[in-house]
J.: 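Pasting a structure below so you can have a look.
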Amino acid sequence: MYEYLIYSRLKKFANAKKSFHIPGHKARGDFKAKFRTADTDVTELSYSDNLLSPSGVIAAAQKDIAEILGAVKSYITTDGSSSGVYSLLYAASKRGNKIIVFRNSHQSVWGACRLFGLEPLIVQGAEKEGVLMPPDSETIEKLISKDANIAGILATSPDYYGNIAPLEKYAEAARRYNRLLLVDEAHGAHLAFGDRKGYAGSYADAWVDGAHKTLPTLTQGATVNVNNEELIPLIEEALSMFRTTSPSYPIMASVEYGVKYLANNASRVQRARSAVKDFERNADEVLPVLRNDDWTKLLIDFKQLGVSPEAVALRLEKKGIYPELTDGRYMLFYLSPMTEAADLNALYKALSAIVANKKLKGTYEEKPSVPEGERSYSFQYALRKPCEYVPLTDAVGRMCARNAGLTPPCIPVVVTGEIVTAAAVKCLSSAKTTFGITDGKICVVKK
């Protein structure tokens with residue numbers, strides 16, 4: 001059994017006088033009553049160690065985490081997965097000036113490319129039932145075989161829709177040409193437990209796990225993990241720049257807790273997975289479930305029901321049930337090893353009753369799919385050019401100067417350097433929530 005080292009240390013000193021160091025709340029008064037972690041929210045003290053230069057309890061916790069996750073080294077981050085993605089791409093930028101990325105990469109990937117001067121080479125898989133699939137390994141190998149400036153691959157796996165990329169094949173291609181395989185596994189920290197099918201740690205040179213998304217961890221808790229020892233100095237240098245210098249100790253403790261809790265309670269994963277399988281068996285009669293590679297991503301296809309997912313979401317909220325997202329066709333229920341059978345039973349009853357409502361029949365409206373981008377000039381070229389905001393309707397045929405897309409699930413519809421197409425405008429105009437669009441205008445390169 002693994003001990004929760006950071007948490008134990010913080011609790012041991014929770015009653016120590018804290019009046020003469022930050023944070024300013026001093027774990028006193030009404031603040032402490034409302035925020036129960038206040039007495040463990042400390043700074044770098046003699047007993048609490050220092051995340052930026054760990055030598056005590058944090059160093060020991062990170063060593064344990066690496067052992068559990070099967071990494072050479074693991075690092076806690078309290079900035080979510082984003083600082084980890086920045087660290088991976090910082091390391092990649094020392095190997096080449098190009099990186100292969102998926103179209104549905106997180107915003108942090110595009111931000112890191114912009115910051116480090118990396119040219120993102122976008123690969124887009126086929127669309128299946130309205131969902132982008134991971135690109136095939138042949139496409140990726142063809143790219144890296146022809147260009148020595150490509151540092152490697154930054155794969156997103158699993159994605160928001162539960163699709164796991166063929167990482168083993170990516171790894172084979174990367175090794176063949178001495179390139180890096182880096183993985184943004186923000187949605188897959190749970191894959192380290194159980195059968196480890198599709199787990200990035202089995203194949204990647206380095207990867208990021210968003211512990212807070214699927215482990216019992218506070219929001220913003222994540223880990224950066226390295227298997228390729230050559231990358232360790234670069235990753236550590238990057239983390240020293242991109243992590244906050246005031247990390248949250250409660251979040252730190254919860255990252256260690258989340259990883260060790262599942263290591264100590266292996267049956268928790270199997271129990272939750274069994275509950276999901278039971279839900280799917282029951283749902284087959286009335287709720288069309290989109291089967292995918294990741295049991296924590298439960299997707300209901302409302303196109304098949306002919307019912308508006310937005311209308312259903314509103315009715316669910318009145319019952320105190322909040323899905324992760326609706327994208328116009330699918331509703332995503334984001335699960336974890338902490339999901340109980342009772343939770344899923346309640347969800348099944350509520351959903352079944354709502355979709356049976358005859359008033360909702362025929363309310364489904366088809367949404368435009370995300371079109372494949374049309375490249376013109378490079379990402380870096382477009383970033384350097386003068387730009388302006390124009391109405392979406394006037395942007396067709398213009399070169400995009402800043403990514404614009406749909407949120408959720410935060411997928412770029414048009415990437416910097418791509419030509420804005422009529423299909424892209426239609427997709428963006430029909431979306432309720434977007435990014436990169438301001439007052440109905442999109443940023444394009446000036447003529």
Side-chain angles (χ1 to χ4, degrees), residues 79-90 92-93 97-124 132 135 150-151 154-156 159-160 182 184 186 241-242 325 327-328 367-447:
D79 315 287
S81 300
S82 295
S83 65
V85 169
Y86 271 77
S87 298
L88 298 191
L89 289 177
Y90 175 82
S93 70
N97 60 10
K98 299 176 183 177
I99 188 79
I100 296 171
V101 303
F102 294 3
R103 173 164 291 276
N104 59 348
S105 294
H106 186 262
Q107 288 195 63
S108 59
V109 173
W110 308 103
C113 286
R114 181 177 180 179
L115 185 61
F116 306 138
L118 284 166
E119 183 64 34
L121 304 180
I122 302 169
V123 287
Q124 183 169 331
L132 288 179
I150 297 175
L154 189 287
T156 302
D159 62 23
Y160 235 144
L182 310 172
D184 176 3
M241 292 187 285
F242 304 126
L325 68 82
D327 68 358
K367 300 294 190 298
S369 60
V370 176
E372 188 163 355
E374 294 185 11
R375 297 301 292 176
S376 174
Y377 291 91
S378 77
F379 182 87
Q380 295 296 334
Y381 171 89
L383 285 174
R384 292 192 298 269
K385 304 300 289 184
C387 61
E388 61 182 343
Y389 280 87
V390 301
L392 268 172
T393 51
D394 297 336
V396 176
R398 302 285 297 273
M399 186 189 302
C400 181
R402 299 293 182 271
N403 286 16
L406 313 178
T407 176
C410 216
I411 294 176
V413 170
V414 59
V415 174
T416 303
E418 291 182 336
I419 298 301
V420 181
T421 63
V425 168
K426 183 179 180 181
C427 185
L428 290 166
S429 299
S430 67
K432 290 187 177 181
T433 54
T434 59
F435 64 90
I437 306 295
T438 303
D439 297 327
K441 297 181 178 180
I442 186 172
C443 190
V444 296
V445 172
K446 281 188 176 180
K447 292 182 177 178

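No hydrogens, no waters, no symmetry mates; every other heavy atom, side chains included, goes into these values.
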J.: First locate atom CZ of Arg398, then atom NZ of Lys446, and finally report the distance between them rounded to the nearest 0.5 Å.
T.: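 Result: 10.0 Å between the selected atoms.
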
J.: Please find the pair of heavy atoms, one from Leu118 and one from Ser93, that lie closest to each other, and give the distance.
T.: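 Closest approach of Leu118 to Ser93: CD2-CA, 3.9 Å.
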
J.: Restricting to non-hydrogen atoms, name the atom on Phe242 and the atom on Leu115 that form the minimum distance, rounded to 0.1 Å.
T.: CE2-CD2, 4.1 Å

J.: Please evaluate residues Leu325 and Tyr160 with respect to the criterion side-chain contact (heavy atoms from CB on, under 4.5 Å), reporting the C-alpha separation (whole Å), side-chain torsions for both, the decisive distance (0.1 Å), and the verdict.
T.: CA-CA 10 Å; Leu325 68 82; Tyr160 235 144; 4.0 Å; yes

J.: Between the side chain of Thr416 and the main-chain N/O of Asn403, is any donor-acceptor distance below 3.5 Å?
T.: yes

J.: Show the numbers, then the answer: is there a side-chain contact (heavy atoms from CB on, under 4.5 Å) between Val444 and Glu388?
T.: CA-CA 6 Å; Val444 296; Glu388 61 182 343; 4.1 Å; yes

J.: How long is the straight-line distance from CG of Leu89 back to CD1 of Ile99, given to the nearest 0.5 Å?
T.: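 The distance works out to 6.0 Å.
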
J.: Donor-acceptor check, side chain of Ser378 to backbone of Tyr381, threshold 3.5 angstrom: yes or no?
T.: yes

J.: Quick one: CG on Leu154 to NE2 on His106, what's the gap to the nearest 0.5 Å?
T.: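 Reported value, rounded in 0.5 Å steps: 12.0 Å.
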
J.: For a quick test of reading the model, state the closest non-hydrogen atom pair linking Cys113 to Gln380 and the distance between them.
T.: O-NE2, 3.0 Å

J.: If we check side-chain contact (heavy atoms from CB on, under 4.5 Å) with Leu182, which of these qualifies: Leu88, Val109, Val101?
T.: Leu88

J.: Taking the side chain as C-beta and beyond, is there a heavy-atom pair between Phe102 and Ile122 under 4.5 Å?
T.: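 Phe102 does not reach Ile122 side chain to side chain.
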
J.: Indicate the atoms forming the closest heavy-atom contact of Trp110 with Ser105, along with that distance.
T.: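 Heavy atoms only, the tightest pair is NE1-O, 3.2 Å.
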
J.: Which pair of heavy atoms, one from Val390 and one from Ala395, lies closest together, and at what distance?
T.: CG2-CB, 3.9 Å

J.: Tell me whether Asp439 contacts the main-chain N or O of Lys441 through its side chain, where contact means a donor paired with an acceptor under 3.5 Å.
T.: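 Such a contact is absent between Asp439 side chain and Lys441 backbone.
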
J.: Can you confirm whether more than 12 heavy atoms, excluding those of Lys426, are under 6.0 Å from its NZ atom?
T.: no

J.: Identify the heavy atoms of Arg402 and Ala382 that sit nearest to each other, and give their distance.
T.: NH1-O, 4.5 Å

J.: If I take atom CZ from residue Arg103 and atom CG from residue Leu132, how far apart are they, to the nearest 0.5 angstrom?
T.: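 The distance works out to 8.0 Å.
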
J.: With side chains defined as the heavy atoms from C-beta onward, is the minimum distance between Ile150 and Ile100 less than 4.5 Å?
T.: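 When only atoms from C-beta onward are counted, Ile100 and Ile150 do touch, with a gap below 4.5 Å.
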
J.: Nearest 0.5 Å, what's the CD1-CG distance between Ile411 and Asn104?
T.: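 If we round to the nearest 0.5 Å, Ile411:CD1 and Asn104:CG are 5.0 Å apart.
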
J.: At what distance, to the nearest 0.5 angstrom, does OG1 of Thr393 lie from CD1 of Ile442?
T.: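 Answer rounded to 0.5 Å: 11.5 Å.
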
